[in-house]
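Quick note: numbers below take in every heavy atom, side chains included, and nothing from hydrogens, waters or symmetry partners. Naming convention: chains lettered A, B, ... in sequence-line order (proteins, then strands); numbering from 1 in each chain. Quantities reported herein were computed from a predicted structural model and do not represent experimental measurements.
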Amino acid sequence: MQERYDPAAIEQAAQSDWEAQQAHVADESAPGEKFYCLSMFPYPSGRLHMGHVRNYTIGDVLSRFMRMQGRNVLQPMGWDAFGLPAENAAMANGVPPARWTRDNIAYMKGQLKSLGLSIDWSRELATCDPEYYRWNQWLFLRMLEKGIAYRRTGVVNWDPVDQTVLANEQVIDGRGWRTGALVEKREIPMYYLRITAYADALRDALDTLPGWPERVRAMQANWIGRSEGVDIDFPWADDTVALLGKSGALRVFTTRADTLFGVTYVAVAAEHPLALAAAAGNAALAEFVDECRRGSTMEADLATQEKKGMATGLHVCHPLSGEQVPVYVANYVLMGYGEGAVMAVPAHDERDFEFALKYNLPLRTVIASPSGAYDQVQAPWIDAYGELGTTVNSGQFNGLASAAAVDAIAAALAAKGLGDKRVQFRLRDWGISRQRYWGCPIPIIHCASCGDVPVPDEQLPVRLPEDLVPDGSGNPLARSEAFLACKCPRCGADARRETDTMDTFVDSSWYFLRFACADQARAMVDGRADYWLPVDHYIGGIEHAILHLLYARFWTRVMHELGLVKVAEPFSNLLTQGMVLNHIFHRTPATGRREFFNPTDVDLVVDATTRQSRATLKRDGSEVVYEGLGTMSKSRNNGVDPNIITSQFGADTARLFMMFTAPPEQSLEWSDDGVQGANRFLRRVWKAVFDHVSAGAAPALDAAALEPADRDLRRVAHLTLGKVKDDIGRRRVFNTAVAAVMELLNAIGRHGGSTDAARATRQEALEITVLCLSPIVPHICHALWAELGHVTPLHRERWREVDAAALEQDSIEVVVQVNGKLRGRITAPSGAADDVLRELALADAAVLRFLEGQTPRKVIVVRGKLVNIVI
RNA sequence: GCCGGUGUGGCGAAACUGGUAGACGCAGCAGACUCAAAAUCUGCCAUGGGAAACCAUGUGUCGGUUCGACUCCGACCACCGGCACCA
């Protein structure tokens, strides 16, 4: 055996052994219960980042561990290959997105392979492959047939200078990122998927997913946001009827119908027909409506912007009292939500309250406070105003509890044909149309006489031309005659293709199904999907907790309904891994924009007492600003290239550092010293095996002939074996598993001894060390297992069972507390009864000192652990 | 603004079901080895007091429940993730 640990040689040898033996190719007919382990596939951005390394190491540790438990494991990998960054790269370099994407895939695949991941590469797929995205198109057409997909208008960010639709990411402070022009909202026709029809099912099924983190289930339930309420029609008053030349009603949705008699105005969105009609004859109002149309469509911006409004001069009638109520246009009412109109009850809703105060609208108290917190609502706002209570000032509905009042008022409205109870979801239908080139074409043909015609199945896939280069001025497909020109499938006349492509969330909503049968040419999926699904463990970033996971659940449910797959829920267990962070340093020169410096180029000194930090550039000692920790990102120049770590220390060191430094769900702070520490531990493991093996083959273990020191080591080894299995297999935490093996190695180092019994014990302890570490650092373990004298390669070995006899011990230590404070320790025979522990504790010298002759009021004994004496 | 999370030594963390707070590692300090350095090995390492034994304090802040609270409850503060066209 070589004395020096040489990761480069070891890792290459291990990887070619695995490859030669096809060790990781998954086979549906192999024995063992299936285990489908999936990590979220990467966007091929160019290079792997540390978040990927963390994600895929977690998946690989689980995969390798489960193989050792006898499971038939599938761990696939692919590429989420469509998306905006490819278009941005094209604009910067003039390279077609297709070529940029495929080059990136080739490079990143090499990086993934060098990490030693036990992936079945025979199932690799990229979502930009026509043989993949044809099935997006195929299922979209099935959804059209079922009415799950439909077309209506939606609001987008519009750059008036570039004449193009902008992604939210391309809107910076309300302006286009390239032109700096003020962004406008614009309504355009788009395709939607009716996910709201599945809102209840998606919400209810969360209860059937105990393997999901509670926080993710809570976020999804809140996102879907079921609320019960009442649709209420406010008939138009005479002025409105006169303006529009017909009668009608303004419909609102409210969860607080009990406050209906407190309505003092109604508010509509700027795009609401009533607002537009009123603005036609009112220049000031038209200007305000225009103002509302400027700015971003993002909810976070809308929710934090100043609440503004303006009277339309129009009125509607209160549906029960008949009183006239003014109609306002307000920037906080959104056309996309509910009816685009709300009834306002300033006395019992905080937002209406602020608005009413600003525009001098009256308050009308209609709920009596159950806690007596107020009599009459008046400024300033207190939370009690918004609570449920008993109705007052509400005519015949006085004196009802809020819930009863909602029922009574809803019934009265229904009797007049002016209202109905209804369930409303916060969730909105999924708009999938993108006015972008690098995506899956929506398979629709626009015909002058037949309208929007679906592309027939036999003409699929609608291929995306791969030679176009976007330039920032809109979708190049719209200017490509070769793509646009086609015949109407219905009448045969000349027609135009739809140029919108699909949201990339569509691509990632079913790739996990395709991995089960990636070579299937005739169908979207086949019976192998029923074998592998559901995914037994899905691993990915917490940032995907809502959108991706909800869309994937929805899409799978639709495929289930169409009879394509047996499962309705795709992921039984979910691990949401935390982010990888690093320090951020920048400097803002007098001219120009902020410059970021990579942490490797900066010295950071933190004063322990003042907590002041000072950061200087290594090259010239000049000072830079320390911003603290943040996610590794290109824009902040604080990324660490995985290649540098693997080439310097090896993949095993990178993997060990990732797994040891933080629990998987928490954010992980990058540390060069931590990487050194991980490498040091691997060298220690290597040396421990080297020292042991150099002394010759160890004799067989005779458990009955061990000295106390041997029995101690054997106990630690078997405790470690149990702990590591529990940590990885049940708790899914890896940092404590590694810590346990480190303790075992420390114990081996202390053990010494050169008797036959000692050497046999050490052989077993080292074998357990290697077995426990092998899912985490597979290359070094592959080599060490052979050095320890095994012929069967490590990846074919099973996990070892704990020997219960090795764990037995004669006596245990029990701590003694007086009034909950630690005062002493006693040694007792293991299995000692409660009163034995009690007597021993009361006789302990340290305890007697604190008792000071007093009689204990109470003694609490926790078996095998602790005695607490209360005086 | 709304939804979800996190907060423990100089630093990353551990304490799983309410039962010894700080396992394991990083950094640091001291020693051994070395001509020397690196590497390696050994010891120390929450804070205050004390020569020590030991005592007191200590898990973001304030309050509560309990024989006993990092863990449960209430209020608050700070930071992080998501908010529907980044993926």
Provide, to the nearest angstrom, the distance between the [atom1] atom belonging to [X] and the [atom2] atom belonging to [N].
X	N	atom1	atom2	value
A/Gln220	B/G82	CD	P	15 Å
A/Leu866	B/G18	CG	P	15 Å
A/His548	B/A87	NE2	P	13 Å
A/Leu547	B/C3	CG	C1'	13 Å
A/Trp438	B/A87	CH2	P	13 Å
A/His49	B/A87	NE2	P	13 Å
A/Asn331	B/G1	CG	C1'	13 Å
A/Phe734	B/C16	CZ	P	18 Å

[atom1] atoms of [N] and [M], separation to the nearest Å:
N	M	atom1	result
B/A14	B/U8	P	11 Å
B/C73	B/U66	C1'	12 Å
B/G81	B/A32	C1'	50 Å
B/C72	B/C79	P	24 Å
B/G10	B/A23	P	14 Å
B/A13	B/C26	C1'	10 Å
B/G60	B/G9	C1'	15 Å
B/A39	B/U59	P	37 Å

* Check the side chains of A/Asp159 and A/Thr164 for a donor-acceptor pair under 3.5 angstrom, ignoring hydrogens and angles. => no
* Do A/Asn679 and A/Arg683 have a side chain donor and acceptor closer than 3.5 Å? -> yes
* **Salt bridge present between A/Glu743 and A/Lys723 (N-O < 4.0 angstrom)** => no
* Less than 3.5 Å between a donor and an acceptor, one on the side chain of A/Arg857 and one on the base of B/C67, is that the case here? -> no
* **Base B/C3 paired with A/Asn222 side chain (donor-acceptor, <3.5 Å)** => no
Taking only the side-chain heavy atoms of [X] (C-beta and beyond), determine which of [options] contains the nearest atom.
X	options	value
A/Ile860	B/A84, B/C24, B/G19	B/G19
A/Arg730	B/C16, B/G82, B/A84	B/C16
A/Asn868	B/G19, B/G12, B/A14	B/G19
A/Phe660	B/G4, B/C83, B/G25	B/G25
A/Arg849	B/C67, B/U20, B/C55	B/C55
A/Met219	B/C3, B/A15, B/C86	B/C3
A/Phe850	B/C55, B/A84, B/C86	B/C55
A/Glu299	B/C86, B/A84, B/A14	B/A84
A/Leu427	B/G19, B/A84, B/G1	B/A84
A/Ala218	B/G4, B/G19, B/G81	B/G4

Taking all atoms of both residues into account, what is the closest heavy-atom pair of [X] and [Y], and its distance?
X	Y	value
A/Gln435	A/Ile188	NE2-CD1, 3.4 Å
A/Trp430	A/Ser509	CH2-OG, 3.6 Å
A/Gln2	A/Phe690	O-CD1, 3.7 Å
A/Met658	A/Leu668	O-CD1, 3.4 Å

* For RNA chain B, which residues in residues 673-686 of chain A have a heavy atom at a distance below 4.0 Å? -> A/Asp673, A/Gly677, A/Arg680, A/Arg683, A/Arg684
Presence of [X] side-chain N/O under 4.0 Å of [N] phosphate oxygens OP1/OP2:
X	N	result
A/Ser667	B/C80	no
A/Asn735	B/A14	yes
A/Asn746	B/G25	yes

* Structure fact -> Symbol by symbol from the 5' end, with Watson-Crick or G-U pairs under 3.5 Å, [ ] crossing and | another strand, RNA chain B is (((((((..(((......[....))).(((((.......))))).((((....))))..(((((..]....))))))))))))....
* Please work out if A/Trp430 contacts a base, only the sugar-phosphate, or nothing of the nucleic acid, heavy-atom cut-off 4.0 Å. => nothing
* To do: Have a look at A/Ser671 and say if it touches a base, only the backbone sugar-phosphate, or nothing, with a 4.0 Å heavy-atom cut-off.
  => nothing
* How should the glycosidic conformation of B/G64 be described, syn or anti, under the criterion that syn lies within 90° of 0? -> anti
* Heavy atoms under 4.0 Å is the rule here; annotate nucleotides 70-77 of chain B 5' to 3' with B where the base is hit, S where only the sugar-phosphate is, and - elsewhere. => --------
* Evaluate the side chain to side chain contact (heavy atoms under 4.5 Å, CB included) criterion for residues A/Arg684 and A/Ile748: first the C-alpha distance (whole Å), next the side-chain angles of each, then the deciding distance (0.1 Å), finally the verdict. => CA-CA 11 Å; A/Arg684 286 182 61 215; A/Ile748 292 171; over 6 Å; no
